[in-house]
Structures are given as structure tokens and as C-alpha cells.
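Quick notes on the structure that follows.
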Protein chains: 2
Amino acid sequence: MPVSAHAEPEARYRIPLSRDRVLRAAVRLADEHGVEALTMRRLAEDLGAEAMSLYHHVANKGDVLDGILDLVATEIHETVEALDTPAAGAAWKQAVRRRILTAREVLLRHPWAPALFQTRSAAGPAVIRYYDGLLGLMRQGGFSYDLGHHALHALGSRALGFAQELFDPAAGGGSGAEVPPEMAEQLPHLTGMIAEIAHDDPDSTLGWCDDQAEFEFGLDLILDGLDRLRGSR
Amino acid sequence: MPVSAHAEPEARYRIPLSRDRVLRAAVRLADEHGVEALTMRRLAEDLGAEAMSLYHHVANKGDVLDGILDLVATEIHETVEALDTPAAGAAWKQAVRRRILTAREVLLRHPWAPALFQTRSAAGPAVIRYYDGLLGLMRQGGFSYDLGHHALHALGSRALGFAQELFDPAAGGGSGAEVPPEMAEQLPHLTGMIAEIAHDDPDSTLGWCDDQAEFEFGLDLILDGLDRLRGSR
DNA sequence: ACCTGAACACCGTTCAAGT
DNA sequence: ACCTGAACACCGTTCAAGT
């Protein structure tokens with residue numbers, strides 16, 4: 001191996017670009033400043049290069065977006081794969097539940113990822129490997145391929161650790177009790193619900209939905225339903 | 001009422017702009033050419049005006065996007081409201097199921113809407129009214145407010161008639177049996193599943209997932225789970 | 001081979017000016 | 001009041017040119 005002593009300091013500020021380096025910088029940029037800050041120009045700047053240089057390592061911006069999603073999915077898959085030795089029989093439910101809640105933890109570190117998963121239609125290889133692992137756990141739990149197939153569809157994005165939140169309480173502003181009277185007439189049931197929950201727990205005003213608890217409720221509902229179908233079909 | 005005969009032909013090619021006219025044109029544009037064709041310039045062109053004129057009727061592009069989502073949600077809410085006289089007791093499940101499948105039918109006419117619903121965080125008034133109606137059906141079915149609340153979260157976007165499809169079989173290309181051998185080793189369970197389904201139904205190659213059936217499977221799983229919890233909490 | 005500057009065809013939006 | 005043209009500050013991407 002030839003030694004070139006003077007190359008050392010130069011190499012420090014001029015690490016060659018590569019697809020991997022570009023994608024990792026893109027993930028970091030999205031994590032720190034949001035996905036809307038992820039432009040080819042800004043990404044190049046962070047890498048100490050010009051925007052046009054990126055095109056030697058990625059096809060276009062869509063390729064970058066698919067690439068960073070695959071990076072996140074890889075992180076999920078590897079974290080989850082290190083988690084447990086799969087268990088047979090009824091333990092399938094606990095194993096699947098744990099994987100999905102772990103996937104959710106990974107996604108909380110990349111809050112831009114769920115919205116992007118929904119925008120980019122094609123599932124990358126890492127997502128597919130992750131789903132293959134889930135299906136494997138179900139098979140060990142006694143699932144037919146047919147039921148396992150339905151199960152993956154039923155779980156949908158929840159399997160990856162997210163589900164769309166339609167109500168964003170933080171966006172609402174004031175406390176739950178401050179429903180305008182003319183709106184309350186049009187929304188008798190939601191108004192009643194908010195009033196009752198405010199009564200039971202006076203401290204629960206703004207942002208009173210516990211995202212984690214709601215995610216687990218929906219997940220358990222599906223898993224319990226699947227467990228009941230497990231033998232019968 | 002004064003009559004001005006000569007105003008008629010002029011009014012024909014210069015209908016004044018309005019927020020409603022702008023939003024309806026935006027929905028039509030998205031329906032016909034996709035949401036990516038929905039630019040302020042293109043939208044103005046379709047209305048026979050300049051892009052800058054739109055800003056007298058909408059605040060900005062985000063306002064347009066929120067506006068067209070509310071228009072779709074209104075269409076869902078009105079279609080569903082005309083559907084049934086709500087039924088008490090165990091019939092809640094059938095009533096909710098029918099509303100959600102109807103919402104899905106509406107969304108199939110606006111295929112751009114689901115992805116946009118997931119991007120725009122705040123739920124508009126029409127979405128909230130729709131959810132209030134669902135909660136009302138559940139209340140009549142004997143739900144506590146607490147269980148109804150969990151139920152809305154568990155249903156999530158499925159209540160509006162969509163759920164993210166993570167596998168897009170149409171994007172894959174060839175038939176299900178054409179899995180590359182080195183990939184098959186990494187995906188033993190998905191490969192086995194595809195092989196078995198191809199064996200049971202040789203015609204099911206490309207796009208063999210029945211979206212409607214899978215949507216209903218997941219929906220019923222959740223509704224059956226809720227029905228089981230209905231009395232016990 | 002890898003990288004770059006200038007340029008192109010778009011965006012959403014501001015502003016001053018028209019009627 | 002409503003509408004408009006020109007302009008600004010951005011995009012992603014192409015292309016010919018550098019090393």
C-alpha cells in the first residue's frame with residue numbers, strides 16, 4: 001500500500017461524493033430542518049459541492065427521496081431483526097406487536113418519513129424485507145398464507161409504525177372546552193365527547209389525545225381480531 | 001328587478017371569479033390532470049384569468065389545497081348523510097360500514113385526495129362534521145364516549161375511505177411468479193405466499209391484490225373488534 | 001471519472017399600477 | 001373592488017465545458 005503523507009489533510013475537506021454519502025446527508029438534513037428544506041442545492045451545499053455534482057451519484061430528486069426512505073426502512077428492519085428470536089404459537093402476537101412498536105420508535109426519530117412513505121408509491125427493498133419478516137412470524141403462529149396476506153393489508157402503514165392522525169389537536173389552539181357555540185350545535189357528538197373527557201380529567205385540555213396509546217389501541221384491535229381468525233381459516 | 005338586455009353576452013365570457021369558482025376549477029383540474037398539474041398559473045388559465053387574480057379570492061396555494069379537500073369532504077359528508085336513517089343497537093356496525101364504503105366510492109372519483117389528506121395536517125370543518133356523524137352512530141349503538149374516541153383513532157384514515165397501500169403490484173411489472181432467485185432467498189415468506197396464490201389461481205398474476213376486498217377485510221376486522229368491546233367498557 | 005458554471009423552464013408570490 | 005404585468009427569489013434539471 002503506497003503512503004502519501006501530504007494527501008491526508010487534503011482528503012479531509014474533499015471526501016469524494018458517493019450515493020451513500022449523499023443519501024445520509026439527505027436524511028440528516030430532513031431530520032434537522034424538515035423535508036421541505038431538502039433541495040438539491042441545499043443538499044449539495046451541506047456536502048461542500050455544487051448541486052449538479054449530485055447527479056453523478058443519484059438519478060434525480062425522486063431517487064433521493066426513495067433512497068432516504070429505504071435508509072429509514074433499513075434502520076427499522078435491522079433494529080427489529082436484532083430484537084427477538086421469533087416464538088411459535090400464540091406468541092406470534094407479542095412478537096409482531098413488539099416489532100411494530102419498535103418500528104414506531106425508529107420513525108419518531110424521522111418525523112418526515114411517514115408523509116413521504118405515503119407520497120412515494122413504490123415500496124423499496126428494505127420495506128419488503130421487513131414485511132417478509134412479519135409474515136414469517138405470522139406463519140410460525142399458524143397463519144395460512146391467505147390470512148397472512150390479508151393481515152399485511154389490514155395492518156397497512158401501521159405495520160411500519162405509523163397511521164395517519166386526522167385530528168391535530170395542537171393545531172386547534174385553545175382548550176378542548178372552547179368550542180364555539182354555533183359549531184357545537186353542528187357537532188353534538190364530538191362536543192359531548194370533549195365535554196365528558198374534560199369533566200373526567202380537567203387537566204386534559206390542549207393535545208389531550210395520547211398518540212402512543214391510540215396507536216396501541218388500534219394495533220391491538222387488529223392483532224386480537226387476527227388471532228381470533230388464526231385457527232378458523 | 002332592472003333588466004339590462006345587453007349585459008347578457010358579456011357576462012358569458014367574463015363570469016367574475018370567486019373563492020368557490022376557483023376551488024371548483026381546482027378540483028376539476030386535479031381530477032383530470034392530477035394534483036401535480038394544479039399550479040396557480042394553470043388554474044388561472046383554466047379560469048380565463050391571470051395567476052395573480054386568484055390571490056383576491058384565496059390566500060395562497062395552501063389555502064387552495066385545504067379548500068379542495070374540504071370540498072371533497074363535503075361531498076362525502078352529504079352523500080353519506082343522505083344514505084340512511086341511523087339505526088340503534090347492533091345495527092350501528094352495518095350503518096358505519098355502509099358510510100365508510102360510500103366514502104371510499106366518493107374518493108375513487110378524486111384519486112389525488114388521499115395523498116393530499118395525509119400531507120395537509122389540519123382537518124377541515126367538513127371532515128370534522130363527517131366524524132361527528134360516525135361518532136353519533138356509535139353512540140346510538142351503545143358506545144361510551146371513551147370507546148367512541150378510541151374507535152375514531154383506530155379507524156383513522158379508513159373512516160374516510162382510504163388506507164395506504166404499501167405494495168403497488170402494478171408498479172412491479174411482471175407476474176407474481178417472476179421473483180428473481182437471489183431475491184427469493186431473502187424473502188422466503190413473501191415468495192412462498194406468492195407461489196401458493198399463483199398455484200391456487202393461475203390467472204392471478206399482475207395486480208392480484210383486490211384492493212376493495214382488502215379494504216373491507218381490514219375494516220371488518222376493526223368493526224368486529226369494536227363490537228366485541230361495545231358492552232364491556 | 002468526476003465535478004462545475006451558466007442557462008432553461010418552470011414555480012409561488014410581492015408590488016405597483018391600472019380600471 | 002377587482003384585475004394585471006413585470007419582477008423576485010426560488011426550484012429541478014440539461015448541457016457543454018473543464019480537470
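The chains referred to below are lettered A, B, ... by the order of the sequence lines, with proteins before strands, and numbering in each begins at 1.
At least one side-chain heavy atom of A:Ile68 sits under 4.5 Å from a side-chain heavy atom of A:Leu116. A:Val27 has its side chain within reach of A:His110: a pair of non-hydrogen atoms, C-beta onward, lies under 4.5 Å apart. With a 4.5 Å cut-off on side-chain heavy atoms, B:Leu137 and B:Arg99 count as touching.
Partners of A:Arg98 according to the salt bridge (charged side-chain N to carboxylate O under 4.0 Å, His left out) rule, which considers only residues two or more places apart in sequence or in another chain, do not exist here. Listed by chain and residue number, A:Trp208, B:His153 satisfy the ring-ring contact (aromatic ring centres under 6.0 Å, His included) test with B:His149 (two or more places apart in sequence, or in another chain). With sequence neighbours excluded, the residues that form a side chain to side chain donor-acceptor pair (under 3.5 Å) with A:Asp20 are A:Arg24. A:Arg28 meets the side chain to side chain donor-acceptor pair (under 3.5 Å) test with no other residue; sequence neighbours excluded. Here B:Asp46 pairs with B:Arg42 under the salt bridge (charged side-chain N to carboxylate O under 4.0 Å, His left out) rule; sequence neighbours left out. Here A:Glu50 pairs with nothing under the salt bridge (charged side-chain N to carboxylate O under 4.0 Å, His left out) rule; sequence neighbours left out. With sequence neighbours excluded, the residues forming a side chain to side chain donor-acceptor pair (under 3.5 Å) with B:Glu216 are B:Arg97, B:Gln212, listed by chain and number.
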_Within the 4.0 Å limit for protein heavy atoms, which parts of nucleotides 5-10 of chain C are touched? Write it as a string from 5' to 3', B for base, S for sugar-phosphate only, - for none._
BBB---
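Residues from residues 55-69 of chain B lying near DNA chain C, meaning a heavy-atom separation below 4.0 Å, are B:Tyr55, B:Asn60, B:Lys61 in numerical order. Of the residues in residues 31-38 of chain A, not one comes within less than 4.0 Å of DNA chain C through any heavy atom.
Look at CG on B:Leu17: it is 17 Å from P on D:dA1, rounded to the nearest Å. When the P atom of C:dC3 is taken as reference, atom CG of A:Leu54 falls 9 Å away, rounded to whole Å. For the pair A:Leu47 CG and C:dT4 P, the computed distance is 11 Å after rounding to whole Å. Separating the CD1 atom of A:Ile15 from the C1' atom of C:dC2 is a distance of 16 Å, rounded to the nearest angstrom. A straight line from CZ of A:Arg19 to P of C:dC2 spans 15 Å, rounded to a whole angstrom.
The salt bridge (Lys or Arg N to Asp or Glu O under 4.0 Å) analysis of residues 52-76 of chain A, with sequence neighbours excluded, yields the pairs A:Arg19-A:Asp63, A:Asp66-A:Arg120, A:Glu75-A:Arg109.
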*Taking only Watson-Crick and G-U wobble pairs with both distances under 3.5 Å, what dot-bracket line describes DNA chain C, where [ ] shows pairs that cross earlier ones and | shows pairs with another strand?*
||.|||||...|||||.||
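Considering only side-chain N and O atoms, A:Ser53 lies nowhere under 4.0 angstrom from the phosphate OP1 or OP2 of C:dC2.
Proximity of a side-chain donor or acceptor of A:Arg158 to a complementary backbone N or O of A:Ile222 within less than 3.5 Å is not detected.
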*Take A:Ile100 and A:Val80 through the side-chain contact (heavy atoms from CB on, under 4.5 Å) test and state the conclusion after the steps.*
CA-CA 8 Å; A:Ile100 292 179; A:Val80 134; over 6 Å; no
